[in-house]
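What you see below is based on every heavy atom in this structure, not just the backbone, and it leaves out hydrogens, waters and symmetry mates. Being a predicted model, the structure only gives us computed values, none of them experimental.
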Amino acid sequence: MSFMTEIRTFAALGTGVIGAGWVARALAHGLDVHAWDPAPGAEEALRGRIANAWPALQRQGLAAGASPQRLRFFNDLEACVADADFIQESAPERLELKLELHARISAAARPQVIIGSSTSGLLPSEFYAGAQHPERCVVGHPFNPVYLLPLVEVVAGERSAPEAVQAAIAIYSALGMRPLHVRKEVPGFIADRLLEALWREALHLVNDGVASTGEIDDAIRFGAGLRWSFMGSFLTYTLAGGDAGMRHFMAQFGPALKLPWTYLQAPELSETLIDDVVTGTAVQQGQRSIAELERYRDDCLLAVLGAIRETKARHGFAFEE
């Protein structure tokens, strides 16, 4: 079967932070968007999130015809997906819920339409078990804010067709994203496994009284985080090996991996630890609202992405490299 890759209507199921991010990205690329979410007040909340994100999308650049007015909210799931050319589900991470949803979604959608899920912790072979035409079902795991960050992890289930994976990659690429094909269906995929390891260590540092939440964030944003935005870990460590490169780095610093620097296992989430984390992040937030912080984050991301794009071009790199 050939799958649709040219899309005009994007269906978003679930319109929380991630779902709304998909809606904003699709609208910014000039698509019609159908959205569904059964939560009370979901439509009003979604339109508020789109309004908050739109100034950043305008600065980034909109496709011809892009408009928030091209969003249509549905109260009926089946009607929402019936005419969609691509479907992205962003429901809560509950297996029984996703099983039920995808049985309904796949029954109502046209067979050649790709269905993606934003799941970060569930495996597609599990929650697509009752889907019709499961060969067109994949995971497309994005990162917040979806409308600015380009990475999307594409994961196949046991019954996903290779052609469906390629079709999903083509669709996400047309939406301005950088698809990363995860070669094996593993829990946590790639990026979240890395983030989870860092998160566990950060909680230990708070729990052990080594640093506050703000100090830990400073250690990232004024250090490794700046390098990660354009070079990642492996290439950074290659440079740390000098002219001899990664082999020298591994020989020199490899033995440190045996030292008990890290815990790996997460600390117990005691009430004290939770209070410390909440108090620390409240200090960091100050008097700014979440919406204000989102706009600040978006401006910073646009500045970083713009600086990286300009510098890569000056050195002869494509932005995707």
Side-chain angles (χ1 to χ4, degrees), residues 56 59-61 120 140-155 169 172-173 175-184 186-206 208 210-266 284 296-321:
R59 288 193 296 277
Q60 187 182 51
S120 60
H141 173 227
F143 295 83
N144 187 42
V146 181
Y147 53 87
L148 292 183
L149 291 183
L151 181 62
V152 57
E153 295 178 311
V154 181
V155 190
I169 288 173
Y172 290 132
S173 296
L175 288 170
M177 306 189 85
R178 175 67 186 271
L180 177 60
H181 182 197
V182 180
R183 300 183 187 187
K184 294 185 178 181
V186 294
F189 315 138
I190 296 172
D192 274 354
R193 288 178 67 161
L194 299 173
L195 294 172
E196 179 72 11
L198 179 62
W199 176 238
R200 291 182 185 194
E201 290 304 313
L203 290 177
H204 275 297
L205 291 169
V206 173
D208 295 347
V210 175
S212 68
T213 61
E215 290 163 345
I216 293 168
D217 280 354
D218 284 351
I220 296 169
R221 65 193 184 110
F222 294 119
L226 291 174
R227 299 185 308 210
W228 288 340
S229 67
F230 58 86
M231 196 168 280
S233 291
F234 282 97
L235 193 54
T236 292
Y237 288 153
T238 298
L239 299 186
D243 290 338
M246 178 56 81
R247 187 168 297 279
H248 176 67
F249 174 83
M250 294 291 283
Q252 183 173 1
F253 296 102
L257 296 173
K258 299 292 185 180
L259 298 175
W261 286 0
T262 61
Y263 287 94
L264 291 182
Q265 295 296 320
Q284 290 178 263
Y296 165 74
R297 174 203 62 195
D298 291 353
D299 282 351
C300 287
L301 283 173
L302 286 172
V304 170
L305 289 169
I308 292 172
R309 184 179 288 107
E310 178 185 342
T311 305
K312 281 192 168 185
R314 193 162 62 247
H315 286 267
F317 289 92
F319 180 67
E320 294 78 13
E321 291 185 77

Exercise. Which residues pass the side chain to side chain contact (heavy atoms under 4.5 Å, CB included) test with Tyr296, sequence neighbours left out?
Worked result: Cys300
For this session: Go through the structure and list residues passing side-chain hydrogen bond (donor to acceptor under 3.5 Å, both in side chains) with Arg297, not counting sequence neighbours.
Result: Tyr147
For this session: Could you pull out all residues at least two apart from Tyr172 that satisfy ring-ring contact (aromatic ring centres under 6.0 Å, His included)?
Result: Trp22, Phe86
Exercise. What salt bridge (Lys or Arg N to Asp or Glu O under 4.0 Å) pairs are there with at least one residue in residues 192-202, not counting sequence neighbours?
Worked result: Glu196-Arg200
Give the table of side-chain donor-acceptor pairs shorter than 3.5 Å for residues 303-315, with sequence neighbours excluded, one pair per line with atom names and distance.
unit_1 : atom_1 : unit_2 : atom_2 : d
Thr311 : OG1    : Ala307 : O      : 2.8
Lys312 : NZ     : Phe319 : O      : 3.3
Lys312 : NZ     : Glu321 : O      : 2.2

For this session: Sequence neighbours left out, what passes side-chain hydrogen bond (donor to acceptor under 3.5 Å, both in side chains) with His248? Give chain and number order.
Result: Gln252
Exercise. So, for Met246 and Phe234, which heavy atoms are closest and what is the spacing to 0.1 Å?
Worked result: CE-O, 3.3 Å
Exercise. Just how far is it from atom CZ of Phe230 to atom OG1 of Thr236, taken to the nearest 0.5 Å?
Worked result: 6.5 Å
Exercise. Where is the tightest heavy-atom contact between Pro142 and Gly140, given as atom of each residue plus distance?
Worked result: CD-O, 3.2 Å
Seminar exercise, completed: Distance col, row Ile190:CD1 vs Lys184:NZ, nearest 0.5 angstrom, shows 12.0 Å
Output a table of donor-acceptor pairs, distance under 3.5 Å, between side-chain atoms of residues 216-224 and any protein atom two or more places apart or on a different chain; print 'none' if there are none.
unit_1 : atom_1 : unit_2 : atom_2 : d
Asp217 : OD2    : Gln284 : NE2    : 2.8
Asp218 : OD1    : Arg221 : NE     : 2.8
Asp218 : OD1    : Arg221 : NH2    : 3.0

For this session: Kindly give the heavy-atom pair with the smallest separation between Val154 and Pro179, and that separation in Å.
Result: CG2-CB, 4.2 Å
Problem set entry | Nearest-0.5 Å distance, CG of residue Asn144 to OG of residue Ser120 | 11.5 Å
For this session: List the steps and the verdict of side-chain contact (heavy atoms from CB on, under 4.5 Å) for His181 and Ile169.
Result: CA-CA 8 Å; His181 182 197; Ile169 288 173; 4.3 Å; yes
For this session: Could you tell me which residues satisfy ring-ring contact (aromatic ring centres under 6.0 Å, His included) with Tyr237, sequence neighbours excluded, listed by chain and number?
Result: Phe249
Exercise. Salt bridge (charged side-chain N to carboxylate O under 4.0 Å, His left out) with Asp299: which residues, sequence neighbours excluded?
Worked result: Arg59
For this session: Starting at CG of Asp298, measure out to CG of Leu148 and round the result to the nearest 0.5 Å.
Result: 4.5 Å
Problem set entry | Under the side chain to side chain contact (heavy atoms under 4.5 Å, CB included) test, residues paired with Arg247 that sit two or more places apart | none
Seminar exercise, completed: Residue set satisfying side chain to side chain contact (heavy atoms under 4.5 Å, CB included) with Arg178, at least two apart, ordered chain then number -> Pro150, Glu320
Exercise. What residues form a side-chain hydrogen bond (donor to acceptor under 3.5 Å, both in side chains) with Thr238, not counting sequence neighbours?
Worked result: none
